[in-house]
Structures are given as C-alpha cells and as structure tokens.
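Every value quoted in this text rests on a predicted model; they were computed, and no experiment measured them.
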Amino acid sequence: MQPSNGRPCEGGGGPESSAGHHEDRGPASHEVGYEDPWYDALASGWGEVDGTGVPAPVVPGAREEREGAAVRVRDVYLEVQRSTAFQEVRNRYRRFVVPGAVIFFAWYLGYVVAATAAPGFMARPVAGAVNVGMLAGLGQFLSTFLLTWAYARHARLHRDRAALDLRWDTQELTRGVRGGAS
C-alpha cells in the first residue's frame, strides 16, 4: 500500500497484517497515482461544473505561489495585525485571560498549600464525612467549569464578532492581492 504523499508505508499489507484476507484491488499500488488534496490544492470544487457545464478551473496549489504574491499577502497580514481593530480584539482577550489565569492559579496554589501546610484545617468536618478539604477539592472542579463557561461567554459577547469581521476583511484583502483566486 502507498499513501497519498508517494512514500511507501512501513509494515502494512504484508502476510502478517491484520487484514486477514487479500482481495483484488486492481493494479499494483505503485502504478496508482493520486494527488493528496491536503498538501497540493484545495479539495473543494474538484471536478464540479461551474454553471456553464464546463469543469471549474483547478485551484493552484499553495506550494506553487509566486514569491511576489506571498510577500504581498504577508504585508496584508502585517497590516491587519497593526490595525486598531485587531489590537482591540487582542486587548479584550488579554483583559479577560490574564486576570482569570492569575486568579485560577492562585486558587489552585492556595488549595495545594492549605492541604500540605494546614492539614488540621482541611480535615475539619463540615457535614458528616464531608470536610473542608473535600469541599475545596470539589470547588476546584466547579471553578474550572465556571471559568470555562465565563471564557466562552466573554468570547461570544466581546470578541467573536470582531474577530470574524477581521477574518473576513483579511480574506477579502488577500483575495485582492492574489488576483481573485483563493
């Protein structure tokens, strides 16, 4: 068997393979050649007709880009990165993530320090067999879920729309640089 990148597979398809049966798969694998869409070109639209009954033109692969076009696309991304809209998205992200990470890490570290330095306090019973240490441990799980929920909510309300707008603008600018082909 041969993968799509043209290199032979190691250890597969021999008599000791797990297939257990051999069926006729047509010509030998070294005679079969096919392109790997993940490395050579976009896979969408291959062989489809473009509305006139003629197959759509093949999208050139990313490896075949001209150096001049790549430099201009890089300039588009640098321009977007320097824009105030991008900086605002990054600042909104940092204003949530940095304090959230610091608070969560302090809470986790406080739990570990209390468990090792104050075992008497952590062993203090609260209700029956439930003690302060068990509640604090469960609080770790609860705080993880709450932080995840808060992060997703913050992203949805404060960053996602602006980030999608930036992505759209970036794609439109790079399409213009590449001459309409994307």
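In this structure, CD in Gln87 is found 10.5 Å from CZ in Arg82, a value given to the nearest 0.5 Å. If you take CG on Asp169 and CG on Leu164, they are separated by 11.0 Å, rounding to the nearest 0.5 Å. The CZ atom of Phe104 sits 5.5 Å away from atom CD of Gln140, with the distance rounded to the nearest 0.5 Å. Going from atom CZ of Arg156 over to atom CZ of Arg161 covers 12.5 Å, rounded to the nearest 0.5 Å. Annotation: the span from Thr174 atom OG1 to Glu172 atom CD amounts to 8.0 Å, rounded to 0.5 Å.
Put simply, Phe121 and Leu135 are part of the same group of oily side chains (I, L, V, M, F, W, Y) that touch within less than 4.5 Å, one to the next. When the side chains of ILVMFWY residues are joined at heavy-atom separations under 4.5 Å, either directly or via intervening members, Leu173 and Phe86 end up in a single hydrophobic cluster. One hydrophobic cluster, built from ILVMFWY side chains closer than 4.5 Å, cannot hold both Trp107 and Leu142; they sit in different ones.
Between His154 and Phe96, the angle of the ring planes stays under 30°, which puts this pair in the parallel group of the 30/60° scheme.
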Go through it in stages, so that I can follow the logic: the residues are Tyr108 and Val112, the test is side-chain contact (heavy atoms from CB on, under 4.5 Å), and I'd like the CA-CA distance, side-chain angles, deciding distance and then a yes or no. CA-CA 6 Å; Tyr108 174 74; Val112 171; 3.8 Å; yes

Please assess Leu166 against Ser83 for the test side-chain contact (heavy atoms from CB on, under 4.5 Å), listing each intermediate value before the final yes or no. CA-CA 10 Å; Leu166 274 171; Ser83 71; 4.2 Å; yes

Could you walk me through whether Met122 and Val132 pass side-chain contact (heavy atoms from CB on, under 4.5 Å), step by step? CA-CA 5 Å; Met122 297 297 268; Val132 173; 4.3 Å; yes

Would you sort out whether Trp168 and Gln171 count as a side-chain contact (heavy atoms from CB on, under 4.5 Å), showing the intermediate values? CA-CA 5 Å; Trp168 181 262; Gln171 293 301 315; 5.7 Å; no

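Remark: of the listed residues Arg94, Arg92, Glu88, Arg94 is the sole one forming a side chain to side chain contact (heavy atoms under 4.5 Å, CB included) with Arg90.
Residue Arg95 places its CZ atom among more than 12 non-hydrogen atoms of other residues, nucleotides or ligands, all under 6.0 Å distant.
Residue Ala162 comes nearest to Val89 through the heavy atom pair CB-CG2, 3.6 Å, listed as atom of the first residue, atom of the second, then distance. In terms of heavy atoms, Thr170 sits closest to Val76 at O-CG1, 4.2 Å. Of all non-hydrogen atoms in Tyr151 and Val97, the two that sit nearest each other are CE1-CG2, 3.8 Å.
Every residue was checked against the salt bridge (Lys or Arg N to Asp or Glu O under 4.0 Å) condition with Arg159, not counting sequence neighbours, and none meets it.
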